[in-house]
Number of protein chains: 2
Amino acid sequence: MLKTLPGATPLPTTPDLSAASSVAALQPLKVACASCNLRELCLPVGMTANDLARLDGLVDKRRSVPRGGHLFRNGEHFEAIYAVRTGFFKTCVSSEDGREQVTGFQMAGELLGLDGISSDHHHCDAIALEDSSVCVISYAQLENLSREFTVLQHQFHKIMSREIVRDHGVMLLLGNMRAEERLAAFLLNLTQRLEARGFSASSLVLRMTRVEIGTYLGLKLETVSRTFSKFHDDGLMEVKQRQLRILDQAGLQALVNNSRC
Amino acid sequence: MLKTLPGATPLPTTPDLSAASSVAALQPLKVACASCNLRELCLPVGMTANDLARLDGLVDKRRSVPRGGHLFRNGEHFEAIYAVRTGFFKTCVSSEDGREQVTGFQMAGELLGLDGISSDHHHCDAIALEDSSVCVISYAQLENLSREFTVLQHQFHKIMSREIVRDHGVMLLLGNMRAEERLAAFLLNLTQRLEARGFSASSLVLRMTRVEIGTYLGLKLETVSRTFSKFHDDGLMEVKQRQLRILDQAGLQALVNNSRC
DNA sequence: CGTGCTCTTGAACTTCGTCAATATTTGTGG
DNA sequence: CCACAAATATTGACGAAGTTCAAGAGCACG
């Protein structure tokens with residue numbers, strides 16, 4: 001049973017969508033994508049049972065990362081990509097003079113480390129925002145297997161391409177939108193991804209701080225906080241620190257689509 | 001001989017780095033990467049003569065795009081990626097309410113269309129900023145060939161990954177930098193890429209308008225114009241409409257690295 | 001040799017950042 | 001389990017950076 005705060009609703013934690021994970025975490029032996037509940041969201045999206053069988057052996061191990069820990073760091077040698085099993089990550093790049101940019105938040109089923117292929121070294125830091133576990137996918141093995149397995153090859157290309165498309169969307173957000181629009185777009189994206197994973201689309205607990213949200217959206221933490229307060233005042237959502245309840249999704253959507261209405 | 005304007009220095013136009021292009025443009029027959037002068041900048045980077053021979057047939061045709069014309073449009077069916085042979089492109093995405101974001105400028109040797117793999121449809125517009133020509137690389141053929149040709153497979157992955165890394169750099173720029181820093185970073189990136197193509201790193205003609213630069217950097221055209229004027233006044237460069245001469249590259253670099261010095 | 005289009009520049013205004021004070025929550029060790 | 005310290009979040013007042021609006025100058029193309 002989860003601990004609850006007096007007078008507060010129970011904190012929803014990330015449900016474990018993957019199969020038999022509590023056992024697997026203790027016995028990190030052979031794990032097959034075929035028996036993973038995340039397969040509809042992860043690398044094997046859209047594969048048949050037959051296809052899935054061929055993935056056997058691609059994921060050779062798992063890795064746990066405690067909250068605040070690094071999955072990998074900028075500059076480290078690249079040799080594997082990672083699929084989030086449980087937990088939540090952020091990736092960030094930084095400039096020479098120390099300014100940071102969060103380039104993304106990753107949840108169950110999403111891939112990390114694609115930036116490393118370009119030069120055999122990682123170009124960002126990947127940090128767990130809560131205790132997390134990932135599947136380790138050897139990149140060499142992935143290349144080998146995808147040479148004889150067309151479906152995997154195509155799927156992998158699609159995932160890289162999707163990351164490029166996503167990045168372009170973030171550029172549009174950073175280059176054109178005002179604070180309210182950015183935060184609304186961010187929240188809608190977040191709830192949409194949570195919903196795809198079986199969570200409520202209206203009630204959520206943020207896994208990241210105001211600073212981290214700001215560092216993703218190109219805003220300062222005070223602006224993020226103020227904008228949350230404004231959304232609250234406007235009746236769009238209840239905001240209580242990191243606990244959110246969306247009251248007017250359409251209202252948020254309208255903010256994103258239309259600058260001044 | 002190039003046409004020159006009276007009293008003005010000759011306008012440097014894009015030199016043709018590819019082999020026998022003026023003939024090829026008229027006779028768009030078989031062209032091999034092996035005999036293309038762009039091979040050191042394009043898909044075949046780092047390949048041996050042996051490798052290059054295996055690329056034969058990958059580029060099945062060429063295409064010319066007049067200034068202002070679309071190479072492809074958002075929503076169009078995706079079936080090929082394109083390598084710029086001559087000329088200059090921009091890619092842009094736009095939001096529902098019509099706001100635009102230029103996601104990149106592409107010059108000789110750079111690839112266009114990678115965004116299309118994600119969903120078999122293009123997610124941006126690619127528009128020529130001057131009369132241009134591209135090599136058409138059938139994506140199906142590229143997938144086929146890269147299944148039996150490890151070097152190509154790896155090279156293609158690297159290029160996609162590099163695009164992701166580049167995009168993250170743009171996010172950092174859009175999320176953290178002030179107008180002067182953005183423009184300085186943009187100009188340094190541009191001159192560096194021009195230099196890699198055999199142009200002077202200090203003297204260039206912009207192929208894009210102030211509006212387009214602003215739409216890339218998340219600034220309004222007036223801000224871009226004012227910032228150019230400031231760079232001029234500060235002795236960093238000569239600015240005469242689109243004709244630029246960098247006088248103090250180190251000064252520009254210092255602007256990028258260090259917010260206030 | 002006009003007529004677009006592009007660019008420059010000024011002035012008022014808006015948005016967001018900065019600085020500062022305070023509140024709330026979380027984590028830690030007694 | 002409580003108390004204290006550290007981290008996180010809220011809110012206000014003010015200022016800086018960039019946008020908007022407007023007018024005019026410079027080029028480029030037919």
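Given the structure is predicted, the values throughout are model-derived calculations rather than measurements.
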Going by the rule side-chain hydrogen bond (donor to acceptor under 3.5 Å, both in side chains), which residues pair with N189(A) if we only count those two or more places apart in sequence or in a different chain?
R193(A)
T209(A) side chain: which of dC16(C), dT8(D), dT10(D) is closest?
dT8(D)
note: N176(A), atom CG; dT15(C), atom C1'; distance rounded to Å ~ 15 Å
In whole angstroms, how far is the P atom of dT25(C) from the CZ atom of R210(A)?
12 Å
Counting only distance, no hydrogens or angles, is the base of dC16(C) paired donor-acceptor with the side chain of E180(A) under 3.5 Å?
no
Whole Å only: how far is the CE atom of M177(A) from the C1' atom of dT15(C)?
17 Å
Under 4.5 Å between any side-chain heavy atoms of L219(A) and R182(A), yes or no?
yes
Mind checking whether V136(A) and Y82(A) have side chains closer than 4.5 Å, heavy atoms only?
yes
For a 4.5 angstrom cut-off between non-hydrogen side-chain atoms, does E181(B) reach R99(A)?
yes
Rounded to whole Å, the CD-P distance (Q243(A) to dT24(C)) equals 17 Å
When rounded to whole Å, the CG to C1' distance for the pair L221(A) and dC16(C) reads 13 Å
So, is R178(B) close to the dG18(D) phosphate, meaning a side-chain N or O under 4.0 Å from OP1 or OP2?
no
Please report the end-to-end axis angle for the helix from dC5(C)-dG26(D) to dG30(C)-dC1(D), five pairs per end, rounded to 10 degrees.
50°
Protein-nucleotide distance (L174(B), atom CG; dG18(D), atom P), rounded to Å
13 Å
Rounded distance in Å - CG (L129(B)) to P (dC5(C))
17 Å
Using a heavy-atom distance cut-off of less than 4.0 Å, which residues of residues 224-232 of chain B contact DNA chain C?
S225(B), R226(B), S229(B)
Just one of H122(B), H123(B), Q106(B) clears the side chain to side chain donor-acceptor pair (under 3.5 Å) bar with T91(B), so which one?
Q106(B)
Hey, does the side chain of N176(B) reach the backbone of E100(A) with a donor-acceptor pair shorter than 3.5 angstrom?
yes
Which part of the nucleic acid, if any, lies within reach of L219(A) when heavy atoms closer than 4.0 Å are counted: base, sugar-phosphate only, or nothing?
sugar-phosphate
Looking at E222(A) and dC19(C), is any side-chain donor or acceptor paired with a base atom of the opposite kind under 3.5 Å?
yes
Under a 4.0 Å heavy-atom cut-off, which of residues 182-189 of chain A touch DNA chain D?
none
Taking O4'-C1'-N9-C4 for purines and O4'-C1'-N1-C2 for pyrimidines, is dG4(C) syn (within 90° of 0) or anti?
syn
Nearest to the side chain of K220(A), which nucleotide is it out of dC21(D), dT18(C), dC29(D)?
dT18(C)
Donor-acceptor pairs under 3.5 angstrom involving side-chain atoms of residues 220-227 of chain B: please list them, not counting sequence neighbours.
| unit_1 | atom_1 | unit_2 | atom_2 | d |
| --- | --- | --- | --- | --- |
| T227(B) | OG1 | T223(B) | O | 2.6 |

How close or far is atom P of dA17(D) from atom CG of L255(B), stated in whole angstroms?
13 Å
So, OP1 or OP2 of dT6(C): does either fall under 4.0 Å of a side-chain N or O from R242(B)?
no
Does some side-chain heavy atom of N74(A) sit less than 4.5 Å from a side-chain heavy atom of C124(A)?
no
Please tell me if the side chains of H168(A) and V93(B) come closer than 4.5 Å, counting only heavy atoms from C-beta onward.
yes
Determine, for R197(B) against E110(B), whether the closest basic-nitrogen to carboxylate-oxygen distance falls under 4.0 angstrom.
yes
Within the structure shown, what part of the strands sits under 4.0 Å from G214(A) by heavy-atom distance: base, sugar-phosphate, or nothing?
nothing
Can you check whether E238(B) reaches L244(B) side chain to side chain, under 4.5 Å on heavy atoms?
no
Listed nucleotide nearest any side-chain atom of T223(B), set dT10(D), dC16(C), dG18(D):
dG18(D)
The complete set of ring-ring contact (aromatic ring centres under 6.0 Å, His included) pairs with one or both residues in residues 209-241 of chain B, sequence neighbours excluded, reads F105(B)-Y216(B), F186(B)-Y216(B)
For L71(B), does its backbone N or O pair with a side-chain atom of R63(B) as donor and acceptor, under 3.5 Å?
yes
